[in-house]
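All remarks here apply to the structure that follows.
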Amino acid sequence: MVLWGKLAQPVRSLGKVPPPGTCRRFWGWLNAIFNKVDYERIQAVGPDRAASEWLLRCGALVRYRGYEKWQQDYNGLPTGPLEKYKIEAINATDSCIMYRGFDYLDGLEHVTEIKLQKCIYIQDECLQRLSETKNLQKSLLQLQIISCGNVTDRGIVALHKLRYLELLSSPGSCYLPAVWGLCWLEGLKSDCSWAVLW
């Protein structure tokens with residue numbers, strides 16, 4: 001009977017639920033893989049196509065210049081001349097984009113809107129990186145940051161380099177008006193000329 005108990009123990013353990021946190025670590029690892037930048041792919045297909053693939057792989061949506069429809073299906077990415085499809089808007093609602101993949105944004109020249117909503121991996125360093133992206137400094141007009149729990153006033157202040165930003169929306173944010181007022185008081189109005197909505 002003792003022998004049967006020792007043999008049955010490993011079989012019983014196969015049906016056990018994994019320890020808490022194991023699944024979370026797996027998804028975090030997988031999301032990090034999705035965000036790994038493939039510089040060879042950027043060279044091969046161009047920055048807009050490579051960024052589209054990254055964003056869709058991570059669960060975001062993209063809209064191309066001259067098109068009304070949002071692209072949401074990775075397998076349905078448009079084919080044809082690479083220069084025809086330029087990303088104009090990004091909706092990263094509930095996506096797993098993270099700082100690690102932001103190098104994909106470097107070559108995008110036509111992005112006017114970005115929506116970051118419920119992005120658990122978006123943090124202050126991501127907003128700093130957005131602000132330092134030269135092409136986004138020239139093209140980005142609207143930025144929405146909604147329910148991104150890791151974003152603080154430090155991240156919002158870092159956006160001051162986005163000099164053409166017309167709309168910065170962060171509903172429910174108690175610190176955004178104060179940050180905008182701080183920019184005004186410090187004479188940074190030229191860098192902080194946003195319409196602030198909260």
Side-chain angles (χ1 to χ4, degrees), residues 35 37 42 46-48 50-52 54-56 58-71 85-198:
N35 279 275
V37 179
I42 295 171
D48 288 276
S52 294
W54 164 62
L55 290 162
L56 294 176
C58 291
L61 310 174
V62 296
R63 191 179 70 228
Y64 299 107
R65 189 174 61 174
Y67 292 86
E68 295 288 323
K69 185 180 172 214
W70 286 91
Q71 180 66 39
Y85 298 99
K86 301 293 183 185
I87 297 176
E88 181 177 58
I90 298 168
N91 181 345
T93 300
D94 288 320
S95 72
C96 68
I97 64 170
M98 59 180 66
Y99 184 88
R100 182 178 192 180
F102 274 40
D103 283 358
Y104 279 111
L105 300 174
D106 287 339
L108 305 182
E109 298 176 350
H110 305 283
V111 177
T112 59
E113 304 172 37
I114 297 178
K115 181 178 183 181
L116 304 171
Q117 181 173 359
K118 296 180 184 175
C119 300
I120 62 172
Y121 298 110
I122 295 297
Q123 53 197 358
D124 294 339
E125 291 77 15
C126 297
L127 299 183
Q128 176 76 35
R129 178 70 170 84
L130 275 179
S131 184
E132 292 172 351
T133 304
K134 297 293 184 198
N135 287 330
L136 292 180
Q137 289 175 359
K138 299 173 191 171
S139 68
L140 192 61
L141 302 175
Q142 297 180 18
L143 177 61
Q144 295 179 35
I145 305 166
I146 304 165
S147 299
C148 296
N150 295 323
V151 173
T152 68
D153 54 350
R154 191 176 129 243
I156 300 297
V157 169
L159 296 172
H160 74 278
K161 293 180 183 176
L162 298 173
R163 55 184 172 262
Y164 294 110
L165 197 61
E166 296 172 355
L167 173 70
L168 176 61
S169 175
S170 188
S173 172
C174 59
Y175 54 80
L176 189 53
V179 170
W180 187 70
L182 177 64
C183 289
W184 182 275
L185 289 174
E186 291 185 2
L188 301 174
K189 178 64 176 133
S190 62
D191 288 340
C192 295
S193 57
W194 312 319
V196 179
L197 302 178
W198 65 93

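The model shown is predicted, which means the values in this text are computed figures rather than measured ones. Computed from heavy atoms alone, side chains included, the values below leave out hydrogens, waters and symmetry copies.
Counting only residues at least two apart or on different chains, the side chain to side chain donor-acceptor pair (under 3.5 Å) pairs with a member in residues 101-116 are Tyr39-Asp103, Arg63-Glu113, Arg65-His110, Asp103-Arg129, Asp106-Arg129, Lys115-Gln117.
Checked against side-chain hydrogen bond (donor to acceptor under 3.5 Å, both in side chains), Gln142 has no partners two or more places apart in sequence or in another chain. Under the side-chain hydrogen bond (donor to acceptor under 3.5 Å, both in side chains) criterion, Tyr64 pairs with Ser52, not counting sequence neighbours.
Between the side chain of Asn35 and the backbone N or O of Cys96 there is at least one donor-acceptor pair closer than 3.5 Å. Proximity of a side-chain donor or acceptor of Gln137 to a complementary backbone N or O of Ser131 within less than 3.5 Å is detected.
Contact of the Lys161 side chain with the Lys134 side chain is not registered, since no non-hydrogen atoms from C-beta on lie closer than 4.5 Å. You'll find the side chain of Thr93 stays beyond 4.5 Å of the side chain of Leu61, heavy atoms only. With contacts defined as side-chain heavy-atom distances shorter than 4.5 Å, the pair Leu105/Trp54 qualifies.
Using a cutoff of 4.0 Å between basic side-chain nitrogens and carboxylate oxygens, Asp48 and Lys86 are scored as salt-bridged.
Taken to the nearest 0.5 Å, the CG atom of Leu108 stands 9.0 Å off from the OG1 atom of Thr133.
The two atoms that bring Leu159 and Leu127 nearest to each other are CD2-O, 3.6 Å, heavy atoms only. Contact between Leu130 and Phe102 at its shortest, heavy atoms only, is CG-CE2, 3.9 Å.
Exactly one of Cys148, Ser95, Ser147, Cys126 qualifies for a side-chain contact (heavy atoms from CB on, under 4.5 Å) with Leu116. That residue is Cys148.
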Begin from the C-alpha positions of Leu140 and Val111 and carry the test side-chain contact (heavy atoms from CB on, under 4.5 Å) through to its verdict. CA-CA 6 Å; Leu140 192 61; Val111 177; 4.2 Å; yes

